[in-house]
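Okay, so here's the structure we're looking at.
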Amino acid sequence: MSEGVVPAAVPAARKAPPLFVPTYLTRRPDGLDPRALQYTVVDLETTGTRTAHGDRVCEVAAIRMRADGTVLEEMSTLVHPERPIPAGSRQIHGIDDDMVAEAPRFAEIAGTLLNMMRDTVVVTHNRSFDEEWFGAPSAQYSRTQAF
């Protein structure tokens, strides 16, 4: 490099906005009225518990509803995890390799699921566990494409 020449700056990678934003529901005048909101209840089954070790989603179920329980939309699908399902996981959820052989990949259903969750309160059994799967590299999708 020539003396006095400054290399061009490399733009910083854009960080995706958080998928889940914690908030508080309240009936106070300055809070959100939970009766006026929509909710998406999501359940995931996985090949294991560690995305960093290559575990993947193998089933997704979600229901979007109003606070009064009226179902607005629902989805349920097996997901091809692109890896064998370990025996220990099969014992927990009963899903085996044959069942997911023709199922869509997570990238194929992620947009539908994320759009279903858009502008709703997302309800899960274990938020920190479930949220990890939406941001995992193994999910192989871009949140920016889904929104």
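- Every side-chain hydrogen bond (donor to acceptor under 3.5 Å, both in side chains) that His53 has, sequence neighbours left out, goes to Arg50.
- Across Val57 and Val60, no two heavy atoms sit closer than the pair CG1-CG2, 3.6 Å.
- For Gln38, the side-chain hydrogen bond (donor to acceptor under 3.5 Å, both in side chains) partners are Arg64, not counting sequence neighbours.
- In this structure a side-chain-to-backbone donor-acceptor pair under 3.5 Å is missing from Tyr39 to Ile63.
- Residues forming a side-chain hydrogen bond (donor to acceptor under 3.5 Å, both in side chains) with Arg105 (at least two apart in sequence, or on another chain): none.
- For His80 (side chain) and Glu102 (main-chain N/O), no donor-acceptor pair under 3.5 Å exists by modelled atom type.
- Proximity of a side-chain donor or acceptor of Thr47 to a complementary backbone N or O of Arg56 within less than 3.5 Å is detected.
- Checking side-chain atoms of Thr40 against main-chain N and O of Met116 turns up a donor-acceptor pair under 3.5 Å.
- Among pairs with a residue in residues 83-92, those fulfilling side chain to side chain donor-acceptor pair (under 3.5 Å) read Asp55-Arg83, at least two apart in sequence or across chains.
- Residues satisfying the side-chain hydrogen bond (donor to acceptor under 3.5 Å, both in side chains) test with Asp119, not counting sequence neighbours, are none.
- In terms of hydrophobic clustering, with Ile, Leu, Val, Met, Phe, Trp and Tyr side chains grouped at heavy-atom distances under 4.5 Å, Leu37 and Val123 are assigned to a common cluster.
- Looking at Arg66 and Leu72, their side chains come closer than 4.5 Å, going by heavy atoms from C-beta outward.
- The closest side-chain heavy-atom distance from Pro104 to Thr77 is below 4.5 Å.
- The heavy-atom pair separating Phe106 from Val79 by the smallest distance is N-CG1, 3.4 Å.
- Grouped with Ile85 in one hydrophobic cluster are Leu78, Ile95, Met99, Val100, the linkage being side-chain heavy-atom contacts under 4.5 Å among Ile, Leu, Val, Met, Phe, Trp and Tyr residues.
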